[in-house]
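Here is the naming used below: chain letters follow the sequence lines, and residue numbers restart at 1 for every chain.
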Amino acid sequence: MLKVLDRARLLVVTGKGGTGKTTVAASLGVAAAGRGRRVLVAEVEGRQGLAGLFGRGELDYREARVGERLHALAVDPDESLREYLARYGFAPLARLLTWANLNRFITAAAPGLGDVLLVGKVWEAATRQVRPGSGGPGAYDLVVLDAPPTGRVVPFLRAPETVAELARVGPIRHQADRVKDLLDDPERTAVVLTCLPEELPVAETLEGVAALREAGLPVAGVVANRVTGDRLGGRAARLPALARDPGPLAAAAAGAGAGAELDRAALGTLVEEARDRQRLVTRERRLLKELRAGLDGLPMVELPFLAGGVAGPEEVRALAGHLVPAGPGAAAGVVEEQELAPDRSGRDQARRAAGAGSGGG
Amino acid sequence: MSPRTPATAAGRPARGTSAPAAVAGATSPLAELARSARIIVCCGSGGVGKTSTAAAVALWAAQSGRRTCVLTIDPARRLAQALGLDLLSNAPRPVRAKALPARGPGSLDAMMLDMRRTFDEVIERYARDTEQADRILANRFYQRLSSTLAGTQEYMAMEKLYELHESQRYDLLVVDTPPTRSALDFLDAPDNLNELLDARAFRLLIAPAQRIGRGYLRGLNLATTAMTKMVRRVTGSELLAEVGEFFAAFEGMYDGFKARAGLVYDQLKHPSTAFVVVATPEGAALREAAYFAGRLAADRMPLGALVVNRIHQARPVPEVPAAARRRLAADGADGRLLADLLELHDGLETLAEAEQRRVRELLASVPNLGVVQVPLLADDVHDLAGLRRLGDYLFT
C-alpha cells in the first residue's frame with residue numbers, strides 16, 4: 001500500500017457502497033501528503049462527503065487547499081464540460097450548449113457522457129504540467145479519486161473509451177486514448193478497494209477485484225475498514241468460565257473498592273457484552289482471513305472501527321496514521337509493504353478504537 | 001453516569017417527536033404497509049441493508065397471504081444470494097416453494113432487472129413496426145446507452161415496475177433501489193426522460209438542414225450549421241452521426257414514452273405506494289436518509305417509514321468511581337481484565353448513545369415518520385432463515 005502512496009500518480013478508491021470509500025480516500029490523501037507528496041483528493045459523486053472530513057462546509061469544482069500539500073475538489077460534470085470546451089478553444093460553444101439546454105441533456109439524461117467529463121477532469125489534474133509563473137492551479141504528484149462503487153466503477157473509468165469507440169478522430173478520441181494510457185499503466189495508476197469485515201462486502205470485494213483485473217485496471221490492494229479492535233486478545237478465552245462464575249472479577253472489584261457498584265448482575269452484563277463483542281471479533285477475523293486468501297498475495301491493510309464515528313479531520317488524521325508506519329524509516333523514505341493489524345500498536349490504538357461493536361441481537 | 005435505559009429493537013409510533021426510547025409493544029409501521037400497500041420502494045445509501053430489508057418485507061407479506069414480487073435493480077447479485085437463487089432473470093421467478101408455508105394464497109417471486117433486455121423490450125413495444133425497432137436496436141449510440149452508460153437502468157426500472165404493476169399478477173411489489181444518488185435518478189427518471197426527449201435544440205442541431213426548411217428559421221439554421229461544425233470538430237463526426245440517427249430512428253416514439261413515464265410517476269405518488277428509507281445509525285447513512293426523506297416530501301411522494309439497521313445496544317451498568325477504576329487497572333490480571341471490560345462497556349454505551357442521538361436528530365427534521373430500529377444481528381442475513389429473523393425485528 002505504501003509503495004502505491006509514494007509512486008502512483010492516480011489512486012482510484014472504490015468498494016461496495018457503505019464501506020467507507022470517501023473516508024479511506026481522504027485518509028490516503030492525508031497519508032500521502034504527510035509523506036511529502038502534493039496531493040489532490042477528488043470526489044465525483046456529488047455527495048459532498050469530503051468537505052466535512054476536511055473540516056469545510058462545502059467543496060466545489062475549484063481545487064481548494066485543505067492542508068499542507070493537500071487540495072480537494074468535488075468534480076462537477078457541467079463545469080467540467082465548460083472547462084473541457086474552453087481548453088480546446090470552444091468557449092462560444094459552451095455558451096451555445098447552455099443556451100440549448102444540452103448540458104442537462106448530457107449530465108442528466110445520459111450520465112454516462114457525464115462520466116467521460118468527470119474522468120477527463122481527473123485525468124487532467126493527474127497529468128497536469130505547470131509552466132512556472134503561469135498563475136493557474138498547481139501540479140500534483142498524486143490524485144486520489146473517490147470513485148463510484150464497485151458495481152459502477154469499470155463502466156465509469158472506461159466511459160471515455162466507450163464514447164471514443166464512436167469517435168475515431170477528434171479531441172474526444174485523442175483524450176480517451178491518453179486516459180486509457182494512464183489507467184492501464186500500473187506504474188502510474190493504482191486501484192484500491194475498500195471493504196468491511198462482513199460477509200457480503202467480502203464476497204463483493206473479491207468479485208470487484210476480479211472484474212477490475214478483467215478490465216485491465218491495475219488493482220493495488222484492499223483496505224479493510226472498521227475492523228473491531230481485539231482488546232482482550234487471549235484473555236477472551238476466560239469469558240465463558242467467568243460468565244458461569246464471576247467470582248474472580250467480584251474479588252477484584254471488592255479489592256478495588258467497587259464491590260457495591262459491580263455486583264454479580266453488573267459483572268454478568270459486562271462479561272456478556274464482552275462475549276458478544278468477542279463473537280464479532282472472531283467472525284471478523286474469519287472473514288478477513290477468507291478475504292486475504294482470496295486476494296492471493298494482494299496487499300491488505302486494516303483500519304480500526306472508531307466508536308465515535310469519522311466526523312472530521314481529527315479522525316481522518318488518525319486513520320492516515322494507521323495507513324503509514326511512524327518512525328525514522330518512513331521519514332527517510334525507506335518503504336516496505338506492511339500490514340497493520342489493529343492490535344499492532346497496543347493500548348493507544350485500543351483506546352481510540354474502544355467500544356467497537358457488540359454482537360448482540 | 002447513571003444506569004441507562006437500554007435501546008430496544010421495537011418500533012415506535014409514527015410521531016416525529018424526539019422521545020428517546022422506543023415504545024415496547026407498539027405496532028411496527030411496516031406492518032400496515034406490508035398489509036395494504038401495492039408498491040413499496042426501499043431506498044437509502046449503499047451498504048445499509050436495503051436489499052435484505054426489501055427481501056424480508058416481501059417474505060413477510062408473502063407469508064401473510066399476499067402475492068408478492070421483490071424486484072432489485074442493484075447490479076450486484078445480492079438479492080440472489082439472500083433469496084438463495086443462483087440467477088435472477090428479467091422475468092419474475094418463484095422463490096423455492098419449500099421456503100414458504102404451503103397454506104394460504106401468498107406467494108413470493110423475485111427478479112433482478114436486466115436493464116438492456118428491458119430497454120430492448122420497451123423499444124419493441126413502442127416502435128411503429130419491426131423496421132423502426134431494428135434500426136434503433138442496431139444503432140451504436142443506443143447500444144452504448146442501454147448497456148454501458150450509467151443512469152439508463154433507472155428509467156428501465158420504472159418501466160418494469162409499471163409493467164408488473166399493470167399486469168395485476170401481484171398484490172404487492174417490493175422494489176430495492178441502487179444507492180441513494182442513483183435512487184434519486186429513479187425518482188427523477190420521468191423528468192430526465194422528458195428532458196432527453198425534449199432536447200429539441202439537440203434534434204435541431206443534428207437534423208439535416210432541409211428538415212428545418214422554413215424561411216423564418218433560416219437564421220437559426222445558419223447558427224446551428226456553425227454549431228454543428230464545431231461539435232463535429234470536438235466529437236468526431238461519427239459520434240454525432242450515430243446520435244443523430246438514434247434520435248431520427250426514435251421519431252414518433254417520444255409521445256408514448258412520455259405518456260408512459262407520466263403514468264409511472266403518478267403511480268409512485270399514489271397513496272397505495274410507500275417509500276421506505278433504510279439507513280444505519282452512522283452519520284453518513286443518516287444524512288443520506290434525511291436528504292432522501294426531504295426530497296420525497298418535496299415531490300409529495302408517500303413516505304412510509306424509516307428502518308434503521310444495525311443498532312448497538314448497551315445494558316445498564318452502575319458507574320464505577322474513577323479512583324476505583326485506577327485501582328483496578330493497577331491490580332493483578334483479574335483487575336486489569338475487569339478494567340478493560342468496563343472500558344469496553346463505556347465504549348459501547350458511548351456508541352449506542354451517539355446512534356440514538358443521530359436517529360432523534362433525523363426524526364426531528366422529518367415530521368410524522370414512523371421508525372423501526374433493528375439491532376446489530378450476530379450473523380449477516382444471507383438466507384431465508386436470516387430474512388425471517390430480520391422480519392421478526394421489522395414487524396414486531
Quick check on A:T19 against chain B: is it the side chain, the backbone, both or neither that has a heavy atom closer than 4.5 Å?
neither

Per-residue contact mode, A:R275 against chain B (heavy atom under 4.5 angstrom):
neither

With chain A, which of B:H345, B:R310, B:E355 has the greatest number of heavy-atom pairs at distances under 4.5 Å?
B:H345

Against chain B, label A:A251 side chain, backbone, both or neither, depending on which of its atoms sit under 4.5 Å from a heavy atom there.
neither

When you measure from the side chain of A:E273 to the backbone N and O of B:A314, does any donor-acceptor pair fall under 3.5 Å?
no

Taking 4.0 angstrom as the limit, do A:R231 and B:E343 come out as a salt bridge?
yes

For B:L377 and A:R283 the tightest heavy-atom approach is O-NH2, 4.0 Å

Just give me the residue among A:A258, A:P248, A:G257, A:G20 that pairs up with chain B most often, heavy atom to heavy atom, under 4.5 Å.
A:P248

If you tally heavy-atom pairs under 4.5 Å between each of A:L267, A:L232, A:D263, A:L239 and chain B, the highest tally belongs to A:L232

As a test of understanding, state which of B:L337, B:L341, B:D340 forms a side-chain contact (heavy atoms from CB on, under 4.5 Å) with A:L270.
B:L341

What's the spacing between B:Q313 CD and A:D276 CG if we round to 0.5 Å?
10.0 Å

Return the option, out of A:A256, A:A252, A:G18, with the maximum number of heavy-atom pairs under 4.5 Å with chain B.
A:A256

Proximal component of B:D334, with respect to chain A [non-hydrogen, under 4.5 Å]
both

Select one option (side chain, backbone, both, neither) describing which atoms of B:R326 are under 4.5 Å from chain A's heavy atoms.
neither

I'd like to check A:L200 versus B:T51 (side-chain heavy atoms, cut-off strictly below 4.5 Å). Are they in contact?
no

Which bit of A:L242 comes within less than 4.5 Å of chain B, counting heavy atoms only: side chain, backbone, both or neither?
side chain

Part of A:L262 within contact of chain B (heavy atom distance under 4.5 Å):
side chain

Between A:R277 and B:L348, is any pair of side-chain heavy atoms under 4.5 Å apart?
no

